[in-house]
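This report refers to the structure that appears directly beneath it.
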Amino acid sequence: MDEQKSTRAPYRSALRARHAAATRGAILDAATGLFVDRGYAATSIDAIAEAAGVGRSTVFTATGGKSWLLKTAYDRALAGDDEPVPLAERPEGRRLEALTDATEIITSYVAIIAAAQGRVSALYEVVRVAADSDAEVRLLWQEIQQERLTGARRIAGYLAAAGDLADRLDTDRAADIVTVYNDPGVHHQLVRTRGWSQDDFQEWLARALHHELLT
């Protein structure tokens, strides 16, 4: 009997964990759609609960609240999945780190950030707008800007190490230029507002960075 209980306990625990994860996922999906459609301020917890098919209290117990949902939705969109692994530490980021040809570095970097911007640019606009009036979202906005700068400095360092960074640039100035182009707001303007295709955007971005950064 005791052995049967110990066998059932891990099974029930795993089942509860899967159920909790599915509930969080449904709430996160609902919140993401509402944030993009309505904006952060106009999206209530009640609306998220209704869209997810759960009670209002479940939104808080399963996720931690509205600002948590926005941050998690942004992180998930940026990475493309729920794994808590930064882009730089994923296989494509590791491959980028190993490259020594500047053109290949830019081409690979653009492939990574164009795909990420395609997933995240709508939520980036949500964060940008909400940061003006919400203190918690303002902290998220500042964190996002710091992450973009960190990524830009990494790429500038790779290009400098490859020996092909334009003579007029040091790594700090090159990183500043990269932050202009790795801004998801640029993707939002050209693709979501002006109707560029994702392929056209990626090709333009590669040309622009090549022109701006390399000898």
Note: Ala162 and Thr100 closest approach over all heavy atoms is CB-O, 3.3 Å
Quick test of your reading: applying ring pair (Phe, Tyr, Trp, His ring centres under 6.0 Å), list the pairs with at least one residue in residues 92-131, sequence neighbours left out, ordered by first then second residue.
Tyr124-Trp141
Before you tell me yes or no, could you show the steps for Leu190 and Val186 under side-chain contact (heavy atoms from CB on, under 4.5 Å), namely the whole-Å CA-CA distance, both residues' side-chain angles and the distance that decides it to 0.1 Å?
CA-CA 6 Å; Leu190 295 179; Val186 177; 4.1 Å; yes
Assigning hydrophobic clusters by single linkage (Ile, Leu, Val, Met, Phe, Trp, Tyr; side-chain heavy-atom cutoff under 4.5 Å), is Leu165 placed with Val180?
yes
State the OH-CG distance between Tyr158 and Leu96, to the nearest 0.5 angstrom.
5.5 Å
With Arg56 via side chain to side chain donor-acceptor pair (under 3.5 Å) - residues at least two apart
Asp46
Return the CD to CZ distance between Glu212 and Arg173, rounded to the nearest 0.5 Å.
11.5 Å
Above 12 or not: heavy atoms from other molecules or residues under 6.0 Å from CD of Glu92?
yes
Glu125: which residues meet the side chain to side chain donor-acceptor pair (under 3.5 Å) condition with it, sequence neighbours left out?
Arg128
In one Ile/Leu/Val/Met/Phe/Trp/Tyr side-chain cluster, 4.5 Å: Leu87, Leu140
yes
Please determine if Asp29 and Arg24 form a salt bridge, counting it only when a charged side-chain N lies under 4.0 Å from a carboxylate O.
no
Sub-4.5 Å side-chain heavy-atom contact between Tyr181 and Val178:
no
Between atom OG1 of Thr103 and atom CG of Asp164, what is the distance when rounded to the nearest 0.5 Å?
7.0 Å
Single-linkage hydrophobic cluster, 4.5 Å side-chain cutoff, Leu34 and Val36 together
yes
Beyond-backbone contact of Leu28 with Arg76, side-chain heavy atoms, under 4.5 angstrom
yes
Quick one, Leu159 and Leu214 - any side-chain contact, counting heavy atoms below 4.5 Å?
yes
Within this structure, what is the CG-CD1 distance for the pair Asp101 and Ile106, rounded to the nearest 0.5 Å?
9.5 Å
Could you tell me which non-hydrogen atom of Ala175 sits nearest to which non-hydrogen atom of Ala152, and how far apart they are?
O-CB, 3.4 Å
Nearest-0.5 Å distance that lies between atom CZ in Arg90 and atom CZ in Arg94
12.0 Å
Set of residues satisfying side chain to side chain donor-acceptor pair (under 3.5 Å) with respect to Asp134, sequence neighbours excluded:
none
Closest non-hydrogen atom pair, Gln198 against Ala115:
NE2-N, 4.0 Å
Neighbour count >12 (heavy atoms, 6.0 Å) for atom CZ, Arg138
yes
Chi angles and distances behind the side-chain contact (heavy atoms from CB on, under 4.5 Å) call for Ile113, Leu205
CA-CA 10 Å; Ile113 64 166; Leu205 190 57; 3.7 Å; yes
Would a distance-only check, ignoring hydrogens and angles, find a side-chain to backbone donor-acceptor pair under 3.5 Å from Arg119 to Leu78?
yes
Val129 and Val127: same hydrophobic cluster, using ILVMFWY side-chain contacts below 4.5 Å?
no
Do Leu139 and Glu143 have side chains that approach each other closer than 4.5 Å (heavy atoms only, starting at C-beta)?
no
Which pair of heavy atoms, one from Phe35 and one from Val126, lies closest together, and at what distance?
O-CG2, 3.3 Å
Is there a donor-acceptor pair under 3.5 Å between the side chain of Arg192 and the backbone N or O of Gly118?
yes
So, Arg153 side chain and Thr171 main chain: donor-acceptor pair closer than 3.5 Å or not?
no
Are the side chains of His210 and Thr107 in contact, using a 4.5 Å heavy-atom criterion?
no
Kindly give the heavy-atom pair with the smallest separation between Ala52 and Ala26, and that separation in Å.
CB-O, 3.8 Å
Between Ser121 and His187, is any side-chain donor less than 3.5 angstrom from a side-chain acceptor?
yes
Measuring from Glu83:CD to Asp75:CG, what's the distance to the nearest 0.5 Å?
13.0 Å
Does Glu147 use its side chain to pair, donor to acceptor, with the backbone of Gln142 at less than 3.5 Å?
no
Quick one: does Thr179's side chain have a donor or acceptor within less than 3.5 Å of a partner on Leu149's backbone?
no
By salt bridge (charged side-chain N to carboxylate O under 4.0 Å, His left out), Arg148 pairs with (sequence neighbours left out) Asp183
Can you confirm whether Arg168 is buried at CZ, in the sense that more than 12 heavy atoms of other residues, nucleotides or ligands lie under 6.0 Å from that atom?
yes
Restricting to non-hydrogen atoms, name the atom on Ala30 and the atom on Ala51 that form the minimum distance, rounded to 0.1 Å.
CB-CB, 3.7 Å
List the atom pairs, with distances to 0.1 Å, where a side-chain N or O of residues 61-70 and a protein N or O form a donor-acceptor pair under 3.5 Å, not counting sequence neighbours.
from  : atom 1 : to     : atom 2 : distance (Å)
Thr61 : OG1    : Ser57  : O      : 3.2
Thr61 : OG1    : Thr58  : O      : 3.2
Thr63 : OG1    : Val59  : O      : 2.4
Thr63 : OG1    : Gly65  : N      : 3.4
Lys66 : NZ     : Tyr40  : O      : 2.8
Lys66 : NZ     : Thr43  : O      : 2.7
Ser67 : OG     : Glu136 : OE1    : 2.9

